Novice: 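Pasting in a structure now, in structure tokens, and then I'll have a few things to ask.
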Amino acid sequence: MSKRRDDVLGLLGVERWQPRAAAQPVVAEPIASPVPAMQAATPAVAVAISPPAPTPFLLLPTDASFVPSKDWSELRAQVADCTRCKLCKTRTNTVFGIGNPRAELMVVGEGPGADEDASGEPFVGRAGKLLDEMLKAINRSRAVAAESPLVNAASLPSTVTQSVFIANVVKCRPPGNRDPEKDEVEACRHYLDAQIAHVKPKLIVALGRIAAQRLLLTDEPLSRLRGPLHQYGLSQTPVFVTYHPAYLLRAPKEKAKSWEDLKKIAQHLKAHV
Ligand code: URA
Ligand code: SF4
């Protein structure tokens, strides 16, 4: 274990491991779970199930006239042509997402940066390299089933596991890497909701505040959202919130906490997938 832990910490660039006793334990609250799948399991790392989002709806009212396609390739085409918000004016490429469209794990970031805008693929810059290391630590890779012409999720072989689909809250780059604005998040949310409905992940990992707030429809700070297991939408898909890799690059000392999150994520996947 400690060899593997050291390996993973090495991957994440954590130089010195703090003794376990000194690390912050994950708070375990023995409350009844509203998620049936959670009741059977006794994960080594127990987590609290959060109550329904207590904070007001963050987003603007839904645009009922727009219907995202249920067909994956049509949805992709809708995004490619999208002019639903002002980000369409400054983008080079839309960034739909990458990975296995029937993955059990979905990772949601904030929005494309310069490298992603140029390439059309999410998380290809420095933060993306770190994300790939984080995924490697939980035996996932965007490359395992990198999206192929098999655009129909149902047609992918069921043997394809250990995979991930990576998406963003907004599909077009906010200029200067600013945070996406509320109207942009709202305009783009149909696509992310449609992607989640299509992929039907067993677990969603929200990277950073923007993704967490959007998925959980809350304006709570990241510090409050990171830790417990939350639920997304009517499907009540479990959601873990962790640090955005771009933040970890700026604050490397938080990588040890990120490793705690990854352990929880791996544990959850092991118990429920
Ligand atoms: N940061 C994100 O949130 N998403 C990307 O695709 C790249 C960097
Ligand atoms: Fe459309 Fe989303 Fe791009 Fe805005 S960010 S133009 S809503 S795809």
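We use all heavy atoms of the structure for the numbers below, so side chains are in, but hydrogens, waters and symmetry mates are not. Residue numbers run from 1 in the order of the sequence given. Both counts, for ligands and for their atoms, begin at 1 and track the order of listing. As the structure is a computational prediction, the values presented were derived from the model and not from experiment.
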Novice: Does E184 come within less than 4.0 Å of R84, counting only side-chain N to carboxylate O?
Specialist: no
Novice: Can you tell me if H244 has a non-hydrogen atom under 4.0 Å from ligand 1?
Specialist: yes
Novice: In terms of side-chain geometry, is the basic nitrogen of D115 or R173 positioned less than 4.0 Å from the acidic oxygen of its partner?
Specialist: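 Between R173 and D115 there is no salt bridge, as every charged N stays at least 4.0 Å from the carboxylate O atoms.
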Novice: Should you measure from each heavy atom of A187, which atoms of ligand 2 turn up under 4.0 Å away?
Specialist: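 Selected atoms, number and element: 7 (S).
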Novice: For ligand 2, which atoms have a heavy atom of C88 less than 4.0 angstrom away?
Specialist: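 So the answer, numbered in order with elements, is 6 (S).
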Novice: Which residue, L216, T237, L215, forms the side chain to side chain contact (heavy atoms under 4.5 Å, CB included) with H230?
Specialist: L216
Novice: If you measure from each non-hydrogen atom of E110 to ligand 1, which part falls under 4.0 Å: side chain, backbone, both or neither?
Specialist: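 The answer is both.
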Novice: Can you find a pair of side-chain heavy atoms, one from D179 and one from E110, that are under 4.5 Å apart?
Specialist: yes
Novice: Quick test of your reading of the model: are K171 and E116 salt-bridged, counting only N-O distances below 4.0 Å?
Specialist: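 No, K171 and E116 are not salt-bridged.
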Novice: Does only the side chain of P122 get under 4.0 Å from ligand 1, or the backbone, or both, or neither? Count heavy atoms.
Specialist: both
Novice: What's the shortest distance from atom 4 (Fe) of ligand 2 to any protein heavy atom, and which residue and atom give it?
Specialist: C85 SG, 2.3 Å
Novice: Does the separation of the ring centres of F165 and W72 fall below 6.0 angstrom?
Specialist: yes
Novice: Measuring to atom 2 (Fe) of ligand 2, does C188 have an N/O/S atom at a distance below 2.8 Å?
Specialist: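 Yes - counting backbone and side chain alike, C188 has an N, O or S atom under 2.8 Å.
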Novice: Would you mind running through ligand 1 and noting each atom that sits below 4.0 Å from a heavy atom of G109?
Specialist: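 Those of ligand 1 that fall under 4.0 Å from G109 are 3 (O).
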Novice: If I apply the N/O under 3.5 Å rule, does F123 come out as touching ligand 1?
Specialist: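 Looking only at distances, the answer is yes, because the N/O contact criterion of under 3.5 Å is met.
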Novice: Taking all atoms of both residues into account, what is the closest heavy-atom pair of N168 and P122, and its distance?
Specialist: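 Looking at all heavy atoms of both residues, the shortest contact is ND2-CB, 3.8 Å.
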Novice: Looking at ligand 1, would G111 count as a contact under a 4.0 Å heavy-atom criterion?
Specialist: yes
Novice: Closest non-hydrogen protein atom to atom 4 (N) of ligand 1, residue and atom name please, with distance?
Specialist: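 I find the closest protein heavy atom is N168 OD1, 2.8 Å.
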Novice: Write out the residue and atom name of the closest protein heavy atom to atom 1 (Fe) of ligand 2, then the distance separating them to 0.1 Å.
Specialist: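 Its nearest protein heavy-atom neighbour is C82 SG, 2.3 Å.
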Novice: Any chance you could measure L105, atom CG, to I204, atom CD1, to the nearest 0.5 Å?
Specialist: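 One gets 9.5 Å once the value is rounded to the nearest 0.5 Å.
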Novice: Identify, for atom 3 (Fe) of ligand 2, the protein heavy atom at the shortest distance, and state residue, atom and that distance.
Specialist: C172 SG, 2.3 Å
Novice: With heavy atoms only and a cut-off of under 4.0 Å, state how R91 meets ligand 2: side chain, backbone, both or neither.
Specialist: side chain
Novice: Do NZ/NE/NH1/NH2 and the carboxylate oxygens of E260 and K263 come within less than 4.0 Å?
Specialist: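 A salt bridge links E260 with K263.
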